[in-house]
Amino acid sequence: MSTLVRDKPAGGRQATTISAAEAAALVRSGMWLDYGFGLSQPDLFEAALAARKDELKGVKIRSSLSLRARPSLEADPEGEHFHCFNWHFSGYDRRQHDQGHCTYIPMNFGEAPDYYRRFIDPVDILVLKTCPMDEDGVFNFGGANTYLRAIAERARTIIVEPCAAMPYVHGDQNGVHVGEVDHVIAGDSDGPPEIANPPPTEVDRKVAALIVSEIEDGACLQIGIGGMPNAVCAMLAESGLKDFGVHTEMMTDGIVALYEAGLVTGARKTIDRGKMVMTFAAGSRRLYDVIHRNPEVFSHPVDYTNLPHVIMRNEQVVSINNTTQIDLQGQAASESDGHRHLSGTGGQLQFVRGAYASQRGKSFLCLSSTYDKRGDKRSRIVFGLTPGNIVTTPRTDVMYVVTEYGMVNLKGKSVAERAKALISIAHPDFREDLERQAYEKRLIPRGFLGD
Ligand SMILES: CC(=O)SCCNC(=O)CCNC(=O)[C@H](O)C(C)(C)COP(=O)(O)OP(=O)(O)OC[C@H]1O[C@@H](n2cnc3c(N)ncnc32)[C@H](O)[C@@H]1OP(=O)(O)O
Ligand SMILES: CCCC(=O)O
């Protein structure tokens, strides 16, 4: 072991450089480990931990949004050694969950730092992939600010795994000082994974066109996860609109394309004027290059980006998110398929609420009218949610709902009006059946006006 830095702040820890195997050797059976979020999940440490599996039992690992395969899960298909707890599923995490390898932890993303500070027991070991130490002795969290400072405050041991290819992102609380760090893993960790953006489909384009018709110059954008919200960015780029602001949870390739087209100025923002605000990033190498040391990009912890009372301080906030199923009351289930967990609540509900509270703010939940399940075409607009399905955004919060057949605003509408409105944007093949059920169960009274 070699000492990394000798001149520590008073009371600081003495960081030592160690190998990944030495870092993994610090883990004992039954310990609680936390990994960084998304891009900040460690790779060298994970591989070394997986190699130790036969010596360990009941190690609990909490993490979120795995963007690469996790050696500890791959090495332990029966879950005898490692237990995985996850705040938000990627496609990989979803498959692990399908096989019974992990459990989801419900959260409103913006509350996560507070969970660590108030409700979660101290963490035995926190392992983060970070940028290499900077000139101020800070390991920048790169594109993964989120709740990492809060875990760092609660961790008995902090290990960092530096990665030269991690984008360095300017921000508030976006790093950990070497004086707080116990160990630095030697070597250069793998660069951040690139996330592919599938090209928009015809349905995506129709939905995007409807949303864009509601957006004005100067809108402050939050663009959610998934294919459809990204299609909106492509259409905004060709819309002739300008002067957008960005206050988002996730920095996406769609936002970067708008920025590179000169359409994001942030000039009309009330807070963080002139800055694109984010808490994490996931996308292409191009995206990572754009946010790297970019003075126009600013990363805040997620309890700034996602709390409605902060979001609402900008005017004209436009929040665009995907949902997977919506019932005729307007309850949006965006994170599960019955009891099968798909992703997470993430920032959806908090951005819907923040956009509502913003002056002239608007929230959009978008979905294709149908999806294909084992060759069977099914409606996403349903009379009743699939049993077990989780409501991500309650009916009282939902504002605009958009499919390729139209856009409706549910605010202020009665149950009967909501049902009618939602049926009008369902796929035509399902409208008759939805209407029949709505009348049978008295969601729409007989003789309802407009019949
Ligand atoms: C990130 C931010 O900026 S903040 C707020 C945004 N966060 C949220 O909105 C949280 C909830 N939303 C989400 O997680 C996503 O938007 C989703 C899951 C709704 C859509 O994301 P996409 O990447 O477009 O979804 P995709 O079409 O790939 O489907 C994901 C999975 O859900 C399944 N699925 C999608 N729709 C349905 C449905 N109606 N019924 C059943 N399963 C469905 C798909 O089959 C797929 O599963 P698979 O991996 O086994 O094939
Ligand atoms: C937790 C990250 C993703 C989301 O908000 O959906």
Side-chain angles (χ1 to χ4, degrees), residues 37-39 63-67 86-99 104-112 143-147 195-198 200-201 203-204 207 221-233 246-252 254-255 277-283 302 305-306 311 318-327 332-355 363-374 376-382 385-386 388-393 403:
F37 177 94
L39 299 190
S63 65
S64 197
L65 204 70
S66 307
L67 300 174
N86 193 310
W87 294 111
H88 195 95
F89 288 2
S90 62
Y92 175 80
D93 298 322
R94 180 153 66 239
R95 288 191 292 282
Q96 293 299 319
H97 186 258
D98 288 344
Q99 292 164 38
Y104 171 68
I105 325 166
M107 70 154 177
N108 280 313
F109 198 13
E111 295 172 0
N145 192 335
T146 62
Y147 46 78
I195 313 303
N197 286 297
T201 63
V203 167
D204 291 340
V207 168
L221 305 173
Q222 176 261 328
I223 304 291
I225 207 160
M228 223 169 239
N230 262 315
V232 176
C233 289
V246 171
H247 180 108
T248 197
E249 170 191 308
M250 174 175 166
M251 184 58 78
T252 64
I255 297 175
V277 165
M278 55 169 261
T279 195
F280 81 92
V302 70
T305 54
N306 284 37
I311 296 167
V318 169
S319 150
I320 303 165
N321 292 299
N322 252 164
T323 188
T324 54
Q325 191 178 63
I326 189 159
D327 73 6
S334 316
E335 58 190 277
S336 60
D337 175 19
H339 292 285
R340 182 188 181 218
H341 194 76
L342 298 173
S343 57
T345 305
Q348 183 170 116
L349 177 59
Q350 292 183 308
F351 271 99
V352 164
R353 290 189 168 156
S363 74
F364 298 88
L365 290 182
C366 43
L367 67 174
S368 57
S369 65
T370 60
Y371 73 106
D372 190 84
K373 190 153 187 175
R374 293 186 281 275
D376 191 19
K377 184 171 82 176
R378 301 197 182 175
S379 181
R380 289 187 196 261
I381 296 183
V382 291
L385 297 178
T386 305
N389 225 349
I390 303 300
V391 173
T392 306
T393 304
T403 73

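Every number for a ligand or one of its atoms is a count from 1 in the order of the listing.
- Protein heavy atom nearest atom 6 (O) of ligand 2, with residue, atom name and distance: His88 CE1, 3.1 Å.
- Atoms of ligand 2 lying under 4.0 Å from at least one heavy atom of Gly347, given by number and element, are 4 (C), 5 (O).
- Under a 3.5 Å cut-off, the side chain of Thr201 and the backbone N or O of Asp204 do form a donor-acceptor pair.
- Using modelled atom types and a 3.5 Å distance limit, the side chains of Ser334 and Gln348 yield a donor-acceptor pair.
- Scanning the protein for heavy atoms near atom 22 (P) of ligand 1, the closest one is Gly226 CA, 3.8 Å.
- At the top of the distance list for atom 3 (C) of ligand 2, counting protein heavy atoms only, stands Glu249 OE2, 3.2 Å.
- Given atom 39 (N) of ligand 1, the protein heavy atom at minimum distance is Thr324 O, 2.8 Å.
- Nearest protein heavy-atom neighbour of atom 20 (C) of ligand 1: Asn322 OD1, 3.6 Å.
- The closest side-chain heavy-atom distance from Leu349 to Asn108 is below 4.5 Å.
- Within a 4.0 Å radius of atom 45 (O) of ligand 1, the protein contributes no non-hydrogen atoms.
- Contact between Arg380 and ligand 1 is present, with at least one heavy atom of the residue lying under 4.0 Å from the ligand.
- Taking CD1 of Ile195 as the reference point, atom CG of Leu39 lies at 7.5 Å (rounded to 0.5 Å).
- Between the choices Thr393, Asn321, Leu349, the shortest heavy-atom distance to atom 5 (C) of ligand 1 belongs to Asn321.
- Considering OH of Tyr104 and OG1 of Thr345, their distance stands at 4.0 Å, rounded to 0.5 Å.
- Counting only heavy atoms, the protein never gets under 4.0 Å from atom 26 (P) of ligand 1.
- Atom CG of residue Asn389 and atom OG1 of residue Thr324 lie 6.0 Å apart, to the nearest 0.5 angstrom.
- Ligand 1 has no atom lying under 4.0 Å from any heavy atom of Thr392.
- Counting protein heavy atoms only, atom 1 (C) of ligand 1 is closest to Glu249 OE2, 3.3 Å.
- Gln222 has its side chain out of reach of Ile311: every pair of non-hydrogen atoms, C-beta onward, lies at least 4.5 Å apart.
- Residues Thr403 and Ser368 form no side-chain contact, since every pair of their non-hydrogen atoms from C-beta on lies 4.5 Å or further apart.
- Judged purely by atom type and a 3.5 angstrom limit, Thr393 has no side-chain atom pairing as donor or acceptor with the backbone of Ala332.
- In terms of N/O distances under 3.5 Å, ligand 1 is not approached by Thr345.
- With Asp93 contributing its side chain and Ser66 its backbone, the two residues share a donor-acceptor pair below 3.5 Å.
- Here the heavy atom of the protein found nearest to atom 30 (C) of ligand 1 is Arg94 NH2, 3.4 Å.
- Taking a 4.0 Å cut-off on heavy atoms, Thr386 fails to register as neighbouring ligand 1.
- In terms of protein heavy-atom proximity, atom 10 (C) of ligand 1 is nearest to Gly344 O, 3.1 Å.
- Expressed to the nearest 0.5 Å, how far CD1 of Ile255 lies from CD1 of Ile223 amounts to 5.5 Å.
- Contacts between Met250 and ligand 1, counted as non-hydrogen atom pairs separated by less than 4.0 Å, involve both the backbone and the side chain.
- Listed for the His247 side chain is a donor-acceptor partner under 3.5 Å among the backbone atoms of Thr305.
- Taking the side chain as every heavy atom from C-beta outward, Asn145 and Met278 never approach each other to under 4.5 Å.
- Remark: atom 51 (O) of ligand 1 lies closer than 4.0 Å to no protein heavy atom.
- A distance-only check finds no donor-acceptor pair linking the side chain of His88 to the backbone of Ser90 [under 3.5 Å].
- Ligand 1 lies less than 4.0 angstrom from a heavy atom belonging to Ile223.
- Among Ser334, Ala282, Ser90, the residue whose heavy atom lies nearest to atom 12 (N) of ligand 1 is Ser334.
- At a heavy-atom distance under 4.0 Å, only side-chain atoms of Gln222, from C-beta outward, approach ligand 1.
- Arg340 counts as a contact of ligand 1, since one of its heavy atoms falls under 4.0 Å from the ligand.
- Among protein heavy atoms, atom 34 (N) of ligand 1 sits closest to Leu342 CD1, 3.9 Å.
- Closest protein heavy atom to atom 13 (C) of ligand 1: Ser343 OG, 3.5 Å.
- How far CG of Leu65 is from CZ of Phe109: 8.0 Å, rounded to the nearest 0.5 Å.
- Atom 32 (O) of ligand 1 lies below 4.0 Å from at least one non-hydrogen atom of the protein.
- In this structure, Met228 falls outside the shell of residues with a heavy atom less than 4.0 angstrom from ligand 1.
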